[in-house]
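This chain uses plain numbering: 1 for the first residue, then up along the sequence.
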Amino acid sequence: MSVARITEISSTSSKSFEDAINVGIERAGNTLRNVKGAWVKDQEVTVENGRISSYKVVLKVTFVLDD
């Protein structure tokens, strides 16, 4: 039997939502062990001069706790 925890993180990218997700998962994997999944809770963009300047996602990351 295993026990998992869910933590919320936010990540930004100047490229795309997909890149922001990848950056967030990669960074979470550097700190958290046993990352098993994530879901996108929220998305938003920052607009400057009528154009999108950054993409932000809020992720709920699931990881299994060590015994």
Side-chain angles (χ1 to χ4, degrees):
M1 182 166 79
S2 62
V3 175
R5 180 174 180 143
I6 299 171
T7 190
E8 191 171 285
I9 64 170
S10 64
S11 178
T12 60
S13 169
S14 60
K15 296 178 186 177
S16 66
F17 284 121
E18 183 176 355
D19 188 55
I21 293 167
N22 286 325
V23 168
I25 294 298
E26 183 177 333
R27 179 60 181 87
N30 291 338
T31 304
L32 305 171
R33 291 187 302 276
N34 303 319
V35 173
K36 298 299 181 185
W39 62 276
V40 178
K41 178 182 174 186
D42 199 13
Q43 298 179 334
E44 73 180 66
V45 295
T46 302
V47 177
E48 294 178 9
N49 299 321
R51 300 192 70 132
I52 296 173
S53 60
S54 68
Y55 300 83
K56 177 182 175 182
V57 293
V58 176
L59 300 169
K60 292 226 174 203
V61 179
T62 303
F63 59 100
V64 177
L65 300 175
D66 291 336
D67 291 333

Check: Which residue pairs satisfy the ring-ring contact (aromatic ring centres under 6.0 Å, His included) criterion with at least one member in residues 3-39, sequence neighbours excluded?
Finding: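 Listed by first then second residue: Phe17-Tyr55.
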
Notebook entry, point to check: CD of Gln43: more than 12 outside heavy atoms within 6.0 angstrom?
Noted result: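 Yes, the 6.0 Å shell around CD holds more than 12 heavy atoms from other groups.
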
Checklist line | Residue pairs passing the side chain to side chain donor-acceptor pair (under 3.5 Å) test where at least one lies in residues 44-53, sequence neighbours excluded | finding: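 Checked against side chain to side chain donor-acceptor pair (under 3.5 Å) - neighbours excluded - the pairs reaching residues 44-53 are Thr46-Ser54.
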
Item checked: Hydrophobic cluster of Val58, others only, ordered by chain and residue number, side-chain cut-off 4.5 Å -> none

Considering only distance and modelled atom types, tabulate donor-acceptor pairs under 3.5 Å from the side chains of residues 1-8, sequence neighbours left out.
unit_1, atom_1, unit_2, atom_2, d
Glu8, OE1, Lys41, NZ, 3.0

Distance-only donor-acceptor hits, side chain of residues 24-37, under 3.5 Å, sequence neighbours excluded:
unit_1, atom_1, unit_2, atom_2, d
Arg27, NH1, Thr31, OG1, 2.3
Arg33, NE, Asp66, OD2, 2.8
Arg33, NH2, Asp66, OD2, 2.4
Asn34, ND2, Val64, O, 3.3
Asn34, ND2, Asp66, OD1, 3.0

Notebook entry, point to check: Any side-chain heavy atom of Leu59 sitting closer than 4.5 Å to one from Val40?
Noted result: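 Yes, their side chains come closer than 4.5 Å.
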
Checklist line | Contacts of Val23 that satisfy side-chain contact (heavy atoms from CB on, under 4.5 Å) - sequence neighbours left out | finding: Ser11, Asp19

